Asks: 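What follows is a single structure, and I will ask about it in a moment.
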Protein chains: 2
Amino acid sequence: MNLPPLIQSFVLHFGEMGSRWGINRTVGQIYALLFVADRPLNADDLVDALGLSRGGVSMGLKELQSWNLVQLRHLPDDRRDHFVTPDDVWVIMRTLVEERKKREIDPTMTVLRELMLQTPHDAAEAHAQGRMSAMHDQIELLTAWYADVQRLETERLVQLLSLGSRIVKALEFKDRLFAVPGGKRESGS
Amino acid sequence: MNLPPLIQSFVLHFGEMGSRWGINRTVGQIYALLFVADRPLNADDLVDALGLSRGGVSMGLKELQSWNLVQLRHLPDDRRDHFVTPDDVWVIMRTLVEERKKREIDPTMTVLRELMLQTPHDAAEAHAQGRMSAMHDQIELLTAWYADVQRLETERLVQLLSLGSRIVKALEFKDRLFAVPGGKRESGS
DNA sequence: CGACTATTTCAATAATTATTGAAATATTGA
DNA sequence: TCAATATTTCAATAATTATTGAAATAGTCG
């Protein structure tokens with residue numbers, strides 16, 4: 001590996017964390033280097049900088065492309081493929097959430113929806129179905145929330161996040177605004 | 001494996017998804033069964049129901065305990081350890097987020113903070129450090145937001161999530177409430 | 001087309017991770 | 001304490017996943 005120390009530390013860390021993030025070391029290192037690079041890099045650059053094999057870089061780039069985490073870029077008078085990550089970290093985060101949802105959540109929701117349609121045969125299955133239903137409804141709420149806020153411009157999203165739990169003050173205020181006069185009473189505290 | 005069909009489908013799915021979620025099949029299956037079970041289960045129950053080895057169940061339960069995803073429970077007149085998951089799916093979600101943050105985000109933040117302190121030696125390192133800084137600041141914003149809303153009671157949290165992007169209306173309203181008269185002008189669109 | 005360069009594929013193998021099951025250890029109750 | 005039972009550990013091995021590098025394929029330009 002042939003990199004300035006600051007960049008090398010970052011790249012090595014991403015490689016190590018790869019396994020916790022569900023990607024392998026190679027992919028983690030490639031992504032890290034593309035993220036911090038100040039110009040588009042080609043496969044040769046990555047092979048030289050990271051000391052990986054040709055094939056490994058090709059496969060790694062293919063995987064990163066399937067995640068929409070890197071973009072193909074062509075440079076004038078150079079027919080090799082070059083790659084970049086988006087400049088905007090918020091764009092990257094949105095992609096990451098979307099892709100992880102697609103891989104880690106959607107398949108489970110499909111299964112849960114199917115299992116909800118079945119008729120339980122005994123008390124144990126009925127209880128299990130209730131638990132699955134609770135899981136389904138919770139995930140639905142979370143993903144619907146994300147689908148909603150994801151539509152906001154980044155500037156607005158950052159505002160919203162910066163507000164943190166202070167948003168609750170606004171919520172409490174809203175309660176009064178949107179309250180149905182004589183509406184349902186709450187059972188809790 | 002000896003389970004009612006509804007529960008078996010759920011358990012098998014969790015086993016398959018395990019690898020995408022960073023846990024193994026055994027752990028996924030054990031967790032799934034505990035989640036839908038209508039009573040605390042012991043290691044024998046899990047061995048019988050899932051057809052796993054004794055040692056495998058022991059290790060799986062240990063891992064789930066290290067994630068705080070299952071709780072040890074003792075039944076009267078039975079000295080075997082039994083296990084349950086929390087009844088409340090929101091408690092489970094909070095645990096999951098906290099533990100994933102601890103394993104998947106905190107180590108990177110530590111590295112990023114260290115790398116921010118270094119002095120770049122050339123333009124490439126300076127650019128890289130800027131990128132790392134952007135990543136650091138974004139993660140900080142997201143985790144600070146979560147640390148904040150995580151303190152809310154579940155009922156309030158669900159309210160907040162149910163509101164989705166409609167919260168922005170409240171935000172726009174708040175802009176006017178908290179605006180500093182003659183305050184700083186924005187540079188963007 | 002044909003020479004050249006870039007990229008991908010894939011079989012071989014290295015490395016890692018998961019799983020078993022028997023032995024060791026720990027715990028309980030008499 | 002001892003016998004019985006419960007739990008954990010861990011060496012062996014199975015299974016999976018990562019990685020290489022050479023060959024095949026695809027693409028480009030004269």
Side-chain angles (χ1 to χ4, degrees), chain A residues 1 11-34 40-67 70-84 103-104, chain B residues 1 11-34 40-67 70-84 103-104:
Chain A
M1 188 175 293
V11 163
L12 289 176
H13 175 75
F14 259 60
E16 284 162 15
M17 292 300 284
S19 58
R20 301 193 191 189
W21 297 333
I23 58 174
N24 62 39
R25 185 157 36 96
T26 303
V27 172
Q29 290 186 358
I30 293 172
Y31 184 78
L33 185 53
L34 289 173
L41 303 180
N42 62 43
D44 278 331
D45 294 332
L46 292 165
V47 167
D48 293 346
L50 302 173
L52 301 171
S53 70
R54 217 112 243 309
V57 168
S58 176
M59 291 169 109
L61 287 169
K62 226 180 99 190
E63 185 171 347
L64 286 169
Q65 282 176 282
S66 83
W67 277 77
V70 301
Q71 289 157 8
L72 188 58
R73 176 78 61 88
H74 278 110
L75 266 50
D77 305 322
D78 190 334
R79 63 190 176 86
R80 290 171 300 181
D81 294 342
H82 289 68
F83 297 88
V84 293
R103 288 166 173 77
E104 301 180 12
Chain B
M1 189 174 293
V11 164
L12 289 176
H13 174 75
F14 259 60
E16 283 162 15
M17 292 300 284
S19 58
R20 302 195 190 187
W21 296 334
I23 57 176
N24 61 40
R25 185 156 36 94
T26 302
V27 173
Q29 290 187 357
I30 293 172
Y31 184 77
L33 185 53
L34 289 174
L41 302 181
N42 62 42
D44 278 330
D45 294 332
L46 293 165
V47 167
D48 293 346
L50 303 173
L52 301 171
S53 70
R54 217 108 242 308
V57 167
S58 175
M59 289 169 110
L61 286 168
K62 225 180 101 190
E63 184 171 348
L64 287 169
Q65 282 176 281
S66 84
W67 278 77
V70 300
Q71 289 157 9
L72 187 58
R73 175 78 60 89
H74 278 108
L75 265 52
D77 304 321
D78 191 335
R79 64 191 178 87
R80 291 170 298 180
D81 293 343
H82 288 68
F83 296 88
V84 293
R103 289 168 173 75
E104 300 180 12

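Residue numbers begin at 1 in each chain, while the letters A, B, ... track the order of the sequences. These numbers come from a predicted model, not from an experiment.
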Asks: Whole angstrom is fine here: how far is it from CG in B:Leu46 over to P in C:dT19?
Replies: 14 Å

Asks: Distances under 3.5 Å between protein N/O atoms and the N/O atoms of nucleotides 9-11 of chain D, please, pair by pair.
Replies:
{"from": "D:dT9", "atom 1": "OP2", "to": "B:Lys62", "atom 2": "NZ", "distance (Å)": "3.0"}

Asks: Can you check the A:Ile23 CD1 to D:dA18 C1' distance for me, whole Å?
Replies: 13 Å

Asks: Using a heavy-atom distance cut-off of less than 4.0 Å, which residues of residues 74-84 of chain B contact DNA chain D?
Replies: B:Arg79, B:Arg80, B:Asp81

Asks: Could you tell me which non-hydrogen atom of A:Ala49 sits nearest to which non-hydrogen atom of A:Leu33, and how far apart they are?
Replies: CB-CD2, 3.6 Å

Asks: Check whether any side-chain N or O of A:Thr26 sits under 4.0 Å from OP1 or OP2 of D:dA18, and answer yes or no.
Replies: no

Asks: Roughly how many Å is it from CD in B:Glu63 to P in C:dT19, rounded to a whole number?
Replies: 10 Å

Asks: Report the distance from atom CG of A:Asn42 to atom P of C:dT8, rounded to the nearest whole Å.
Replies: 12 Å

Asks: Not counting sequence neighbours, which residues clear ring pair (Phe, Tyr, Trp, His ring centres under 6.0 Å) with A:Phe83? List them please.
Replies: none

Asks: Who pairs with A:Asp44 by salt bridge (Lys or Arg N to Asp or Glu O under 4.0 Å), at least two apart in sequence or on another chain?
Replies: A:Arg54, A:Arg80

Asks: Just the rounded figure in Å: distance from C1' of C:dT7 to CG of A:Leu52.
Replies: 16 Å

Asks: Can you list everything that forms a side-chain contact (heavy atoms from CB on, under 4.5 Å) with B:Arg103? Sequence neighbours excluded, please.
Replies: A:Arg20, B:Ser66, B:Trp67, B:Glu99

Asks: Does C:dT19 have OP1 or OP2 under 4.0 Å away from a side-chain N or O of B:Asn24?
Replies: yes

Asks: What's the CG-P distance between B:Leu50 and C:dA18, to the nearest Å?
Replies: 17 Å

Asks: List the steps and the verdict of side-chain contact (heavy atoms from CB on, under 4.5 Å) for A:Leu46 and A:Leu52.
Replies: CA-CA 8 Å; A:Leu46 292 165; A:Leu52 301 171; over 6 Å; no

Asks: Could you tell me how the ring of A:Phe14 sits relative to the ring of A:Tyr31: parallel (under 30°), tilted (30 to 60°) or perpendicular (over 60°)?
Replies: parallel

Asks: Which part of the nucleic acid does A:Ser19 contact within heavy-atom distance under 4.0 Å: base, sugar-phosphate only, or nothing?
Replies: nothing

Asks: Kindly determine whether B:Leu41 and B:Ile30 satisfy side-chain contact (heavy atoms from CB on, under 4.5 Å), including the steps that lead there.
Replies: CA-CA 10 Å; B:Leu41 302 181; B:Ile30 293 172; over 6 Å; no

Asks: Looking only at heavy atoms, what is the nearest atom pair of A:Val11 and A:Leu50, with distance?
Replies: CG1-CD2, 3.6 Å

Asks: Name each donor-acceptor pair under 3.5 Å that joins a side chain in residues 70-77 of chain B to protein atoms two or more places apart or in another chain, with its distance.
Replies:
{"from": "B:His74", "atom 1": "NE2", "to": "B:Asp81", "atom 2": "OD1", "distance (Å)": "2.9"}

